[in-house]
Asker: 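I have a structure I would like to understand better, so I am pasting it below and will then ask my questions one at a time.
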2 protein chains.
Amino acid sequence: MTFRLNHLAIVVEDIPQALAFWRDALGLPLGKMERNADEEVEIAFLPLESGEIELIAPTNSTSGVAKYLAKRGAGMHHVCLEVPDLEAAMQRLRGHGVELINDVPKINAEGVRYCFVHPKSAFGVLVELYELPRSS
Amino acid sequence: MTFRLNHLAIVVEDIPQALAFWRDALGLPLGKMERNADEEVEIAFLPLESGEIELIAPTNSTSGVAKYLAKRGAGMHHVCLEVPDLEAAMQRLRGHGVELINDVPKINAEGVRYCFVHPKSAFGVLVELYELPRSS
């Protein structure tokens with residue numbers, strides 16, 4: 001079974017500045033822009049042929065993303081892969097001693113169930129899993 | 001025009017340890033393994049539905065990747081996108097004041113022309129571009 005990349009999230013200080021590179025200089029199309037009040041971020045979605053790049057900027061200085069940015073600087077933040085059955089994936093991960101950030105699935109604004117794997121179990125990478133049916 | 005992700009490269013200390021997470025616990029298939037003498041790294045290729053994840057481990061302590069690992073620790077290292085015309089992409093980037101790491105295209109072992117964008121021009125992200133014809 002192969003996995004589909006849902007998105008690669010990149011934390012930036014300022015969305016318009018980052019779009020000057022990603023959209024204007026490199027030429028990626030800009031899909032939608034969105035403000036996520038729960039996570040206190042603004043997001044620009046840049047669709048790829050499969051999956052997308054998300055540019056994420058904090059909207060205040062106290063959010064998790066703002067703290068990450070202050071500590072680590074701008075850069076790649078997490079990678080999100082799609083799985084057909086999230087609880088089965090979580091159970092399999094736990095069975096291999098992998099630490100999850102949330103032990104029960106969360107649900108985002110679009111109704112997608114998701115979880116995060118702790119980067120210490122994924123060799124420095126923050127991995128997000130979305131439960132989405134196979135597109136192929 | 002949309003872009004295709006070619007690969008997301010993740011630097012790790014040890015490929016077998018990292019495979020215990022990415023392949024065994026998460027379930028990604030392992031494609032091929034390769035030793036790249038020029039870059040002094042070992043690479044494990046984990047194909048996604050489109051593009052792939054590459055786990056990269058230094059084979060000595062003096063390579064660029066080894067120094068990166070010593071300084072930053074394991075984690076996402078670069079993202080590679082495909083463009084149909086590399087020189088046109090490079091010219092467009094330069095026109096927007098973007099700094100490239102190599103000013104003329106390099107050619108890898110598979111004959112693919114590529115270049116790297118400096119992360120300071122890409123808001124902390126090391127971006128690689130491969131010249132490959134559009135697959136769709």
Side-chain angles (χ1 to χ4, degrees), chain A residues 1-5 8-14 17-22 24-29 31 46-53 55 57 69 72-79 81-83 88-89 92-98 117 119-127 129 134-136, chain B residues 1-5 8-14 17-22 24-29 31 46-53 55 57 69 72-79 81-83 88-89 92-98 117 119-127 129 134-136:
Chain A
M1 187 187 105
T2 56
F3 285 62
R4 183 175 180 271
L5 172 84
L8 173 65
I10 296 169
V11 170
V12 299
E13 266 187 68
D14 181 88
Q17 275 180 12
L19 285 175
F21 169 72
W22 289 97
D24 304 337
L26 190 54
L28 267 70
L46 303 165
L48 301 173
E49 189 182 291
S50 173
E52 58 194 358
I53 286 178
L55 303 175
L69 186 62
R72 305 269 315 209
M76 292 189 280
H77 182 262
H78 69 267
V79 58
L81 301 174
E82 298 175 4
V83 295
R92 177 174 169 148
L93 288 164
R94 278 193 214 99
H96 282 82
V98 168
V117 177
K120 75 180 176 190
S121 287
F123 300 90
V125 181
L126 179 58
V127 177
L129 299 175
R134 297 285 297 165
S135 59
S136 63
Chain B
M1 187 187 104
T2 56
F3 286 63
R4 183 174 180 272
L5 172 85
L8 173 65
I10 296 169
V11 170
V12 299
E13 267 187 67
D14 181 87
Q17 275 179 12
L19 286 175
F21 169 71
W22 289 98
D24 304 336
L26 191 54
L28 267 72
L46 304 165
L48 300 173
E49 189 183 290
S50 173
E52 58 195 358
I53 287 177
L55 303 176
L69 187 62
R72 305 268 315 210
M76 292 189 280
H77 181 262
H78 69 267
V79 57
L81 300 174
E82 297 176 4
V83 296
R92 177 176 169 147
L93 287 163
R94 279 193 213 98
H96 282 82
V98 168
V117 177
K120 75 180 176 192
S121 287
F123 299 90
V125 181
L126 179 58
V127 177
L129 299 175
R134 297 285 296 165
S135 59
S136 62

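Proteins come first, then strands; the chains are lettered A, B, ... in the order of their sequence lines, and each starts at number 1.
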Asker: To the closest 0.5 Å, what do you measure between CD1 (I53(B)) and CZ (F3(A))?
Answerer: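 Reported to 0.5 Å precision, the distance equals 9.0 Å.
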Asker: Rounded to the nearest 0.5 Å, how far apart are CD of E52(B) and CG of L5(A)?
Answerer: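 Spacing of CD (E52(B)) from CG (L5(A)) equals 12.5 Å.
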Asker: Examine whether an atom of V79(A) lies under 4.5 Å from a heavy atom of chain B, and if so say whether it belongs to the side chain, the backbone or both; otherwise answer neither.
Answerer: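 Both backbone and side chain.
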Asker: Can you tell me if R94(B) has over 12 outside heavy atoms packed within less than 6.0 Å of its CZ?
Answerer: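 Yes, CZ of R94(B) has more than 12 neighbouring heavy atoms, counting only those of other groups under 6.0 Å.
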Asker: Nearest 0.5 Å, please: how far is CD in E82(B) from CG in L48(A)?
Answerer: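 If we round to the nearest 0.5 Å, L48(A):CG and E82(B):CD are 10.5 Å apart.
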Asker: Who passes side chain to side chain contact (heavy atoms under 4.5 Å, CB included) against A25(A), sequence neighbours left out?
Answerer: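 Listed in chain order: F21(A), L93(B), H96(B), V98(B).
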Asker: Among residues at least two apart in sequence or on other chains, which ones pass side chain to side chain contact (heavy atoms under 4.5 Å, CB included) with E13(A)?
Answerer: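 By the side chain to side chain contact (heavy atoms under 4.5 Å, CB included) rule, E13(A) matches L69(A).
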Asker: Which heavy atom of L8(A) sits nearest a heavy atom of M76(B), and at what distance?
Answerer: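 It is CD1-SD, 3.8 Å.
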Asker: Any idea which heavy atoms bring T2(B) and P29(A) closest together, and the distance?
Answerer: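 Heavy-atom minimum between the residues: CG2-CG, 4.1 Å.
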Asker: Do L81(B) and L28(A) touch side chain to side chain, with heavy atoms closer than 4.5 Å?
Answerer: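 Contact flag for L81(B)/L28(A) side chains = yes.
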Asker: Identify the heavy atoms of R92(B) and G27(A) that sit nearest to each other, and give their distance.
Answerer: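 R92(B) and G27(A) have their closest heavy atoms at NH2-CA, 3.4 Å.
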Asker: Using a cut-off of under 4.5 Å on heavy-atom pairs, state which of D14(B), I10(B), L26(B) scores highest against chain A.
Answerer: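 Of D14(B), I10(B), L26(B), L26(B) has the most heavy-atom pairs under 4.5 Å with chain A.
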Asker: Highest number of heavy-atom pairs under 4.5 Å with chain A: which of V12(B), L126(B), V127(B), D24(B)?
Answerer: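 Between V12(B), L126(B), V127(B), D24(B), the count favours D24(B).
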